There are 2 protein chains.
Amino acid sequence: MSENELNAEHKIIEAAAAVFVEKGYEGARMQQIADKAGINKALLHYYYRSKDLLFEKAFLTVASSIFSKFFDAFNTEGSIFEKIENFLTLHQDLLFKHRKYPVFFFNEITRKPELIKKLISRLDVSEKFEKLSQQFEQEKRDGIIRSDIEVPHLMVNIVSLSVFPYIGRPIIQEIMSEFDVSYEKFLDERRSMIAQFVINSIKA
Amino acid sequence: MSENELNAEHKIIEAAAAVFVEKGYEGARMQQIADKAGINKALLHYYYRSKDLLFEKAFLTVASSIFSKFFDAFNTEGSIFEKIENFLTLHQDLLFKHRKYPVFFFNEITRKPELIKKLISRLDVSEKFEKLSQQFEQEKRDGIIRSDIEVPHLMVNIVSLSVFPYIGRPIIQEIMSEFDVSYEKFLDERRSMIAQFVINSIKA
DNA sequence: GTCTATATTGGGATAGAC
DNA sequence: GTCTATCCCAATATAGAC
């Protein structure tokens with residue numbers, strides 16, 4: 001549908017991203033990507049030379065898009081608490097749609113850490129991170145959040161609490177099912193639970 | 001060294017575990033496992049028939065050992081707070097030694113969720129989990145921890161906060177290095193930070 | 001039980017026609 | 001640019017000697 005159909009190059013990236021996220025780099029097959037893109041295997045090599053290059057292009061495209069959205073959530077008006085809630089809502093919506101993405105992402109950057117440098121430079125992460133960090137520090141000085149909070153830990157805490165349940169989905173789901181608790185409901189509850197948990201822990 | 005040298009069967013599992021954790025199922029090579037075990041490739045098949053079966057055996061062996069230790073940390077005397085601290089210390093020590101393990105574990109159970117059922121039944125996880133859960137509920141009734149805490153969320157929170165920084169190591173480390181913060185120091189700080197964070201949030 | 005040698009297939013990559 | 005046909009190596013798996 002839409003303009004995606006316009007050129008093969010773009011169709012390939014879309015198909016590649018889907019297959020790589022599903023199967024991981026090692027498990028993905030060029031044949032499957034070609035099938036999904038509705039083209040021939042040889043064309044993949046014509047456009048992207050090798051599996052490795054195709055992967056890198058697809059990885060960076062998807063990762064950039066997702067990370068941009070995260071940073072955008074913090075570039076809104078309002079207090080730091082509202083920003084955290086914005087972030088959590090967006091985060092959970094995205095993860096809900098792309099459940100396999102977190103495991104894929106962390107597996108691949110562990111396999112090939114150079115990907116991170118490329119991603120970071122492409123996105124100006126350092127600059128955005130710095131800005132974000134300064135917002136937190138300002139809220140500390142303004143007495144809105146507790147002064148003993150260490151900003152890097154706070155950031156990692158927020159991300160940990162929201163991302164981990166998706167990474168650990170199979171085990172959490174299985175254990176919960178033995179106690180007749182719905183995993184879907186559990187995830188949904190976390191949206192407000194995490195915001196509350198974090199805000200309580202940092203409010204001055 | 002030690003008695004591990006006694007039989008090939010055991011040497012193979014040790015070597016297989018190391019290679020699988022390092023490379024993942026898809027990325028691992030039978031040849032590399034044979035080399036590491038100091039034996040021939042054909043012997044792997046003699047003992048374990050196929051890569052798949054060897055993987056399953058190695059996976060369950062390592063996972064059982066690690067999960068047992070976690071549950072043991074909670075089977076100590078003392079208050080729930082002491083137990084949480086025991087757990088966090090043990091957890092961090094184990095993860096510090098086996099840094100690639102979390103990504104491996106979650107990647108593999110996502111690829112093949114049946115592994116979780118086998119692991120759970122092997123370890124009586126449900127029973128241990130139930131027991132643990134009841135301890136928390138008792139502390140609630142005793143007014144030691146807040147009554148509005150939901151135990152499943154609390155458990156997931158504790159695990160999220162301690163495991164995630166290892167899963168996200170490459171990206172956290174890279175961003176920190178741009179701000180001249182040491183990742184090692186960061187991890188070390190988290191031991192007490194998490195305990196404090198959690199305890200503050202649940203104390204009645 | 002442990003080895004060497006070999007079978008077999010899967011999958012990334014290329015050649016070359018159109 | 002897109003296809004078909006093919007190459008070729010890597011990797012799992014097996015046969016069979018010792």
Side-chain angles (χ1 to χ4, degrees), chain A residues 1-62 100 104 107-108 111-112 114-115, chain B residues 1-62 100 104 107-108 111-112 114-115:
Chain A
M1 318 294 149
S2 81
E3 328 183 29
N4 303 356
E5 303 290 336
L6 281 180
N7 57 66
E9 219 166 326
H10 190 215
K11 274 195 303 187
I12 291 173
I13 291 296
E14 290 227 325
V19 174
F20 280 129
V21 169
E22 186 66 24
K23 300 287 180 66
Y25 176 79
E26 298 284 358
R29 297 291 166 251
M30 294 296 267
Q31 183 63 60
Q32 199 186 344
I33 294 171
D35 291 348
K36 182 155 248 168
I39 54 147
N40 193 275
K41 218 175 37 159
L43 214 53
L44 299 179
H45 290 93
Y46 172 78
Y47 279 111
Y48 298 98
R49 191 78 194 162
S50 70
K51 183 182 182 184
D52 216 70
L53 290 174
L54 173 57
F55 173 81
E56 187 165 310
K57 177 81 181 183
F59 176 88
L60 290 176
T61 302
V62 177
K100 285 207 166 182
F104 162 76
N107 193 46
E108 299 305 336
R111 182 180 64 84
K112 214 180 173 187
E114 311 90 271
L115 291 170
Chain B
M1 315 293 149
S2 85
E3 329 183 30
N4 302 355
E5 302 291 335
L6 280 180
N7 57 65
E9 219 165 327
H10 190 216
K11 273 195 304 184
I12 290 173
I13 290 296
E14 291 227 325
V19 174
F20 281 129
V21 169
E22 185 66 25
K23 301 285 180 69
Y25 176 79
E26 299 283 0
R29 298 291 166 250
M30 296 294 266
Q31 184 62 60
Q32 198 186 345
I33 294 171
D35 291 347
K36 182 156 246 166
I39 54 147
N40 194 276
K41 224 175 30 161
L43 214 53
L44 298 179
H45 289 92
Y46 172 77
Y47 280 111
Y48 298 98
R49 190 79 192 161
S50 70
K51 182 182 181 182
D52 216 70
L53 290 174
L54 173 57
F55 173 81
E56 186 166 311
K57 177 82 181 181
F59 175 88
L60 290 176
T61 302
V62 176
K100 285 207 165 181
F104 162 76
N107 192 46
E108 300 304 335
R111 182 180 64 85
K112 215 179 173 190
E114 312 91 270
L115 291 169

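These figures come from a predicted structure and were not determined experimentally. Quick note on labels: first sequence line is chain A, next is B, and so on, each numbered from 1.
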Exercise. How many Å lie between CG on B:Leu54 and P on D:dT14, as a whole number?
Worked result: 14 Å

Exercise. Under 4.0 Å between a side-chain N/O of A:Arg29 and OP1 or OP2 of C:dG10, yes or no?
Worked result: no

For this session: Flag the pair B:Phe20 / B:Phe59 as yes when their ring centroid distance falls below 6.0 Å, and as no otherwise.
Result: no

For this session: Measure from the side chain of A:Leu43, starting at C-beta and using heavy atoms only, and say which of D:dT2, C:dG12, D:dA13 lies closest.
Result: D:dT2

Seminar exercise, completed: Regarding the side chain of A:Lys41, the nearest nucleotide among C:dT2, C:dC3, C:dG12 is C:dG12

For this session: Specify the separation, in whole Å, of atom CD of B:Glu26 and atom P of D:dT12.
Result: 10 Å

For this session: Check the distance between C:dG11's C1' and A:Asn40's CG and give it to me in whole angstrom.
Result: 14 Å

For this session: Please tell me which of the listed nucleotides, C:dA15, C:dC3, C:dT2, lies nearest to the side chain of B:Ala42?
Result: C:dC3

For this session: Please state how far atom CD in B:Gln31 lies from atom P in C:dT6, giving the value in whole angstrom units.
Result: 16 Å

For this session: Please determine if a side-chain N or O atom of A:Tyr47 lies less than 4.0 Å away from the OP1 or OP2 oxygen of D:dT2.
Result: yes

Exercise. For the pair made of OH in A:Tyr46 and P in D:dC3, what is the distance, rounded to whole Å?
Worked result: 12 Å

Problem set entry | Atom-to-atom span, OH of A:Tyr48 to P of C:dT14 - whole angstrom | 17 Å

For this session: Indicate yes or no: does A:Glu14 engage A:Lys11 in a salt bridge with an N to O separation below 4.0 Å.
Result: no

For this session: Return the minimal non-hydrogen interatomic distance between A:Leu115 and A:Glu108, and the atom names on each side.
Result: CD1-O, 3.8 Å

Exercise. Hey, is the side chain of B:His45 poking within less than 4.0 Å of OP1 or OP2 on D:dA13, counting only N and O atoms?
Worked result: yes

Problem set entry | Pair B:Asp52, B:Tyr25: side-chain N/O donor-acceptor within cut-off below 3.5 Å | yes

For this session: Please determine, for the side chain of B:Lys51, which listed nucleotide (D:dC3, C:dA13, D:dA13) has the closest atom?
Result: D:dA13

Problem set entry | A:Lys112 NZ: over 12 foreign heavy atoms closer than 6.0 Å | yes

Problem set entry | Any A:Arg49 side-chain nitrogen or oxygen under 4.0 Å from OP1 or OP2 of C:dG12 | no

Exercise. When we call it a touch if two heavy atoms are under 4.0 Å apart, what does A:Ala34 touch: a base, just sugar-phosphate, or nothing?
Worked result: nothing

Problem set entry | Nearest-angstrom distance from the residue atom CG of A:Leu44 to P of D:dT4 | 13 Å

Exercise. Can you tell me how far C1' of D:dT12 sits from CG of B:Leu53, to the nearest Å?
Worked result: 13 Å

